[in-house]
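Worksheet: the structure to be examined is printed underneath.
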Amino acid sequence: MSTPRELPDILSKDFAADPYSAYRVLRERAPLMWHEPMNSYIVSRHEDVSRVFRDPVFTTANYDWQLEPVHGRTILQLSGREHAVRRALVAPAFRGAELQATFLPVIEDNSRRLIDRFRDTGSVELVGDYSTHFPINVIVDMLGLDQGDHARFQRWYTSIIAFLGNLSQDPQVAEAGMRTRAEFAEYMLPIIRERREHLGDDLLSTLCRAEIDGTSMSDEDIKAFCSLLLAAGGETTDKAISALFANLLQHPEQLAAVRADRSLIPAAFAETLRHTPPVHMIMRQPAEDVELGGGVVPAGSTVTALIGAANRDPERYTDPDRFDVLRADLKTTTAFSAAADHLAFALGRHFCVGALLAKTEVEVGANQLLDAMPGLRLADGFTPVEQGVFTRGPAELPLVFTPRRTMSGAA
Ligand code: HEM
């Protein structure tokens with residue numbers, strides 16, 4: 001199978017500028033496409049992408065080369081019982097009750113501290129001043145690490161995500177990823193050894209203590225998992241918050257509805273995950289030859305599942321390019337669980353462990369931001385532009401608002 005010339009090229013500038021019209025062409029004309037430069041089959045329809053996530057014949061062996069070089073071995077690569085046991089070790093910390101009890105104050109404090117820096121100014125660049133810091137600060141606090149090292153964490157997770165999305169195999173990106181692995185190990189391993197001696201109530205201590213059926217996590221396992229948490233929980237939630245505000249600000253009537261009724265925030269977040277997901281593609285490797293998208297994908301090949309395309313499949317969603325917080329064909333009640341119908345958190349065994357944490361962060365963040373920023377709007381003449389192909393979100397979001405102090409001073 002070859003890639004016909006007239007079909008969109010995922011590595012092209014046109015695609016990066018507007019993947020959504022390319023997704024439409026792929027869904028309609030090439031639901032299974034071979035892409036030579038990526039050495040990968042590509043699927044784009046909701047039915048096929050969701051099958052790739054649910055059917056265990058599609059293994060996650062791709063992470064052996066896509067992530068292990070930078071993280072070490074993580075649960076993303078595991079399957080069957082080994083995956084179930086490892087996942088059960090880490091999942092309780094991310095469930096509703098534990099989250100609310102232990103980590104809600106951490107989430108609220110971190111959001112408030114960032115907003116304090118701009119709440120009296122009347123303007124903010126939301127991506128650089130808030131979104132890129134908030135989720136990473138939360139994870140650093142949850143793990144009981146040093147906030148003073150924030151700049152390092154941010155550099156590390158940016159280089160890990162670049163490695164993961166290095167579709168064109170840029171050697172500099174690969175090299176930076178390898179450096180990150182060495183630096184992170186040098187930083188983290190002594191902290192883990194020390195923490196084992198002085199266990200506390202932070203997530204790192206929970207990981208040190210965790211044991212199921214005689215299985216516990218080695219220092220190397222914990223280091224790899226922390227590295228995964230920084231990347232998986234940082235870049236994604238950061239883009240989700242920025243995209244939520246970009247979407248609402250471009251639909252002022254929907255922003256007004258959410259401002260007036262905050263119980264709509266989860267629906268607005270779910271619709272953001274569908275319409276503009278932070279992760280646009282995820283790969284898999286079939287264990288045997290398998291029929292998919294009207295063709296056969298051979299065992300051991302790579303399949304790229306286009307989440308961004310599947311989430312706008314007109315077979316699944318009415319008027320899919322429209323952002324609509326009140327859309328009837330997207331269920332908010334299941335949107336943050338493995339029963340979700342949008343595919344932003346994937347589905348099946350590897351369904352995002354941090355989905356509820358992301359939801360809590362977005363709810364807290366959006367509520368606090370709306371409270372702090374009456375009269376919120378995009379800076380004059382500014383139109384949001386998305387950036388990124390593997391992960392994607394607004395490049396920047398300059399906003400203006402009426403500070404509360406000014407309002408009460410005028411009153
Ligand atoms: C809006 C925010 C988020 C999005 C869109 C997102 C997306 C995803 C996706 C698509 C996967 C599946 C990967 C695959 O199947 O190959 C995943 C898995 C995962 N996510 Fe998230 N994620 C988000 C937030 C978080 C947060 C906050 C954390 C934790 C701090 C987290 C931790 C993880 C972990 C550990 C896995 C691997 C689960 C496994 O292999 O069983 N994610 N995420």
Check: residues 284-301 side-chain donor-acceptor pairs under 3.5 Å, at least two apart:
residue	atom	partner	partner atom	Å
Gln285	OE1	Trp65	NE1	2.8
Asp289	OD1	Ala299	N	2.9
Ser301	OG	Pro298	O	2.6

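- Checking Thr276 against Asn247 by side-chain atom types alone, a donor-acceptor pair falls below 3.5 Å.
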Test salt bridge (Lys or Arg N to Asp or Glu O under 4.0 Å) applied to Arg152 and Asp149, step by step: CA-CA 5 Å; Arg152 280 206 256 186; Asp149 293 326; 3.4 Å; yes

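- Using modelled atom types, one finds no donor on one side chain facing an acceptor on the other under 3.5 Å when comparing Arg274 with Asn311.
- For the residue pair Trp34 and Glu36, a side-chain donor N or O sits within less than 3.5 Å of a side-chain acceptor on the partner.
- Under the 3.5 Å distance criterion, the side-chain polar atoms of His350 are left unmatched by any main-chain donor or acceptor of Leu347.
- No donor-acceptor contact under 3.5 angstrom links the side chains of Ser12 and Asp14, judged on distance only.
- Between Glu82 and Arg86 there is no salt bridge, since no side-chain nitrogen of the basic residue lies less than 4.0 Å from a carboxylate oxygen of the acidic one.
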Residue pair Asp261, Ser263: steps toward the side chain to side chain donor-acceptor pair (under 3.5 Å) verdict: CA-CA 5 Å; Asp261 177 1; Ser263 72; 2.6 Å; yes

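- Here the closest non-hydrogen pair linking Pro37 and Leu11 is CB-CD1, 3.8 Å.
- A donor-acceptor pair under 3.5 Å is absent between the side-chain atoms of Gln66 and the main chain of Gly165, judged by distance alone.
- Of the possible donor and acceptor atoms, none in the side chain of Asn166 sits under 3.5 Å from a partner among the backbone N and O of Ala162.
- Considering only residues two or more places apart in sequence or on other chains, Thr59 meets the side-chain hydrogen bond (donor to acceptor under 3.5 Å, both in side chains) condition with none of them.
- Aromatic pair Phe351/Phe53: ring centres not closer than 6.0 Å.
- Here the closest non-hydrogen pair linking Pro56 and Arg349 is CG-NH2, 3.7 Å.
- Put simply, CG on Asn62 and CG on Leu67 are 8.5 Å apart, with the number rounded to the nearest 0.5 Å.
- Asp324 has no carboxylate O lying under 4.0 Å from a charged side-chain N of Arg327, or vice versa, which leaves the two without a salt bridge.
- Pro135 and Gly234 make their closest contact through CG-O, 3.7 Å (heavy atoms, listed as atom of the first residue, atom of the second, distance).
- Between the side chains of Thr302 and Ser40, no donor N or O sits under 3.5 Å from an acceptor N or O.
- Heavy atoms only, all atoms of each residue included: Phe382 and Glu396 are closest at CZ-O, 3.3 Å.
- Expressed to the nearest 0.5 Å, how far CE of Met217 lies from CD of Glu211 amounts to 13.0 Å.
- Remark: the Tyr23 side chain and the Asp313 side chain contain no N/O donor-acceptor pair separated by less than 3.5 Å.
- A donor-acceptor distance shorter than 3.5 angstrom exists from the side chain of Asp329 to the backbone of Thr318, with no hydrogens or angles considered.
- Atoms CG and NZ, from Leu273 and Lys359 in turn, are 11.5 Å apart once rounded to the nearest 0.5 Å.
- Looking only at atom types and distance, the side chain of Asp9 has a donor-acceptor partner in the side chain of His35 under 3.5 Å away.
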Working for salt bridge (Lys or Arg N to Asp or Glu O under 4.0 Å), residues Arg24 and Asp321: CA-CA 10 Å; Arg24 188 176 314 121; Asp321 292 327; 3.2 Å; yes

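- With Asp371 as reference, Arg262 is the one residue of Arg259, Arg404, Arg262, Arg112 to meet the salt bridge (Lys or Arg N to Asp or Glu O under 4.0 Å) rule.
- Between Gln77 and Thr60, the side chains place no donor N or O within less than 3.5 Å of an acceptor N or O (distance only, hydrogens not considered).
- Of the possible polar contacts, none joining the His251 side chain to the Glu253 backbone as a donor-acceptor pair under 3.5 Å is found.
- Phe118 and Tyr130 have perpendicular rings, their planes meeting at more than 60° on a 0 to 90° scale where under 30° would count as parallel.
- Checking each of Asp238, Thr132, Thr180 against Tyr157 for a side-chain hydrogen bond (donor to acceptor under 3.5 Å, both in side chains) leaves exactly one that passes, namely Asp238.
- To the nearest 0.5 Å, the span separating CD1 on Ile139 from CG on Leu145 amounts to 10.5 Å.
- Between Asp201 and Arg209 there is no salt bridge, since none of the side-chain N atoms of the basic residue sits less than 4.0 Å from a carboxylate O of the acidic one.
- The pair Arg119-Asp116 meets the salt-bridge criterion, with a side-chain N (NZ, NE, NH1 or NH2) lying under 4.0 Å from an Asp/Glu carboxylate O.
- Salt bridge Lys331/Asp341: absent, no basic N to carboxylate O contact under 4.0 Å.
- In this structure, Glu47 does not pair ionically with Arg51, as no charged nitrogen and carboxylate oxygen lie closer than 4.0 Å.
- A salt bridge does not link Asp221 with Arg73: every distance from a Lys NZ or Arg NE/NH1/NH2 to an Asp or Glu carboxylate oxygen is 4.0 Å or more.
- With rounding to the nearest 0.5 Å, the separation of CG in Leu143 from OG1 in Thr206 is 9.5 Å.
- Nearest heavy-atom pair across Asp129 and Leu114 is O-CD2, 4.1 Å.
- Here the shortest heavy-atom pairing between Ile107 and Glu361 reads CG2-CA, 4.0 Å.
- Under a 3.5 Å cut-off, the side chain of Glu235 and the backbone N or O of Ala231 do not form any donor-acceptor pair.
- Side chain of His275 to main chain of Arg312: no donor-acceptor pair is present (N/O by atom type, distance under 3.5 Å, no hydrogens or angles).
- Side-chain atoms of Glu386 never come within 3.5 Å of backbone atoms of Arg392 as a donor-acceptor pair (strictly under, hydrogens ignored).
- Residues forming a side-chain hydrogen bond (donor to acceptor under 3.5 Å, both in side chains) with His71 (at least two apart in sequence, or on another chain): Ser227.
- The ring of Phe184 has its center no closer than 6.0 angstrom to the ring center of Phe153.
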